Amino acid sequence: MEIKRERYMNQLISHMHNGLIKVVTGIRRSGKTYLLFRLFYNYLLKSGVASDHIIRLSLDDISNKKYRDAIALYEFIKSSIKDNDMHYVLIDEVQMANEFEDALNGLLHIDNVDTFVTGSNARFLSKDIITEFRGRGDDIHIAPLSFAEFMTAYDGSREDGWREYMIFGGLPKIFEFKTADEKSRYLKGLLTETYLVDIKNRNRVKKEDELSDVLDVVASSIGSLTNPRKIADTFKSVKHASIAPTTVQKYISHMEDAFLIEEAKRYDIKGRKYIGSLKKYYFSDMGLRNARLNFRQIEETHLMENIIYNELRSRCENVDIGIVTLNKKDASGKSIRTPLEIDFVCNNISNRYYIQSALHLPTDEKKRQEARPLMHVNDSFKKIIISKDAVATFYNDDGILVMNLFDFLMNPNSLESV
């Protein structure tokens, strides 16, 4: 079974020969190695590149341990260059090499070398690549399987696939397990034995229980506004334990660096500025989130919102939580400010979309409730309500696009094409 990651393949292909180090980042087990060492490697072969002009090296393989030294890595690659034709260097988990920045900077000076590497944490990208390469690193971020990618490998109906995806997520290896128990054990083990151990070791976390407890609270609060202080207050009221908000923020930053979660900030649409300290956190993979909570909190409304956020992040430059503030006066003439929330404001360079996530729209009142914040945005950008039970995708009488969830997820151009 081969899942074609076309979105990422197109990025790799379009970035070839641009004079930069192509850095494929993403959460562990999201398919970085598969993308680079199988899909892209096969593309190069089919494009006529000779196999001896493709230099592949997995630094997490014990047999390649000697190349975790920057000088040894550089000398090996340089000695593998056979002639003046273009050579393609593919390095997996490059951050395992000591002072790898020096080796990659050295490769930038070889005219007939095009380099592609993978890395598994945001600090590797933001700190090392941007600082050391000074703009010569080119980030291609890969996420777990989207729902559309998931369905290319799923043998069943769209509705059954949705429930499977919503519960067990989109890490590619999930397809190797047949039963729910096998999938559950895989995800729980991966979270505990790989991600949390990784975070603990990389950041020298001493209080592992605290880190785990913060992750539990964040997992329980997807779709809800929170911040480190509120999480610290939860510790006091629920766990009867004390933790500083600064410590909570530190743990959250570690989770973001590992691509486990991502924050969405609140954006004042009329004031055109970010506001307040409250924000929302979303998981990069639903299976990992659900496994963390032992599959106890399967609320489709919140999980659908998280999945929509992940899909929007793959299509938009940035995704925020929108706030529209209404100014009214009460009977005494006193001014009252009422904030209305729009689930997502999706921004690209020249376009913007205002999006509400609504699992069901059973009544006219519910439809008005979802549309109300959108009606108070006074610009010409597209306003959209995504609903699972929308029979079809259509514009309502107020000019708001009501889009069926599967129409949105299955078509990567759905925001622009309707």
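Side chains are part of it too, since the values below use all heavy atoms of this structure and drop only hydrogens, waters and symmetry mates. Nothing here was measured: the structure is a model prediction, and the numbers come from that model. Residue numbers count from 1 along this sequence.
In this structure, His87 and Asp52 approach most closely via the heavy-atom pair CD2-O, 4.2 Å. Shortest non-hydrogen contact noted between Ala390 and Asn404 is O-ND2, 2.7 Å.
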Tell me, with the steps shown, if Asp407 and Thr393 meet side-chain hydrogen bond (donor to acceptor under 3.5 Å, both in side chains).
CA-CA 7 Å; Asp407 288 348; Thr393 294; 2.7 Å; yes

Does the side chain to side chain contact (heavy atoms under 4.5 Å, CB included) test come out yes or no for Lys4 and Leu39, once each step is laid out?
CA-CA 8 Å; Lys4 297 179 180 179; Leu39 297 180; 5.5 Å; no

Please report the C-alpha distance between Thr301 and Glu305 in whole Å, then the side-chain angles of each, then the deciding distance to 0.1 Å, and finally whether the side-chain hydrogen bond (donor to acceptor under 3.5 Å, both in side chains) criterion is met.
CA-CA 6 Å; Thr301 299; Glu305 181 180 322; over 6 Å; no

Run the side-chain hydrogen bond (donor to acceptor under 3.5 Å, both in side chains) check on Ser277 and Arg229 step by step: do they pass?
CA-CA 9 Å; Ser277 63; Arg229 181 165 295 281; over 6 Å; no

Hey, mind stepping through Asp285 and Arg29 against side chain to side chain contact (heavy atoms under 4.5 Å, CB included) and telling me if it holds?
CA-CA 11 Å; Asp285 182 76; Arg29 307 296 187 268; over 6 Å; no

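The pair Glu311-Arg315 meets the salt-bridge criterion, since a charged nitrogen lies less than 4.0 angstrom from a carboxylate oxygen. Of the charged side-chain nitrogens involved, none lies within less than 4.0 Å of a carboxylate oxygen, so that Glu75 and Lys78 do not count as a salt-bridged pair. Comment: Asp114 engages Lys22 in a salt bridge, judged by a side-chain N to carboxylate O separation of less than 4.0 angstrom. Ion pairing between a basic and an acidic side chain is recognised when a charged N comes within 4.0 Å of a carboxylate O; Glu300 and Lys388 show such pairing.
Using cut-offs of 30° and 60° on the angle between ring planes, the pair Phe147 and Trp162 is perpendicular. The aromatic rings of Phe40 and Tyr43 lie parallel to each other, with less than 30° between the two planes, well short of the 60° mark.
Other residues, nucleotides and ligands place no more than 12 heavy atoms under 6.0 Å from the CD1 atom of Ile71. The number of heavy-atom neighbours closer than 6.0 Å to CZ of Arg163, taken from other residues, nucleotides and ligands shown, is 12 or below.
In summary, the aromatic rings of Tyr88 and His17 are positioned with their centroids under 6.0 Å apart. Ring centers of Phe150 and Phe175: under 6.0 Å apart, within the cut-off.
Partner of Phe168 under the ring pair (Phe, Tyr, Trp, His ring centres under 6.0 Å) criterion, out of Phe177, Phe295, Tyr186: Phe295 alone.
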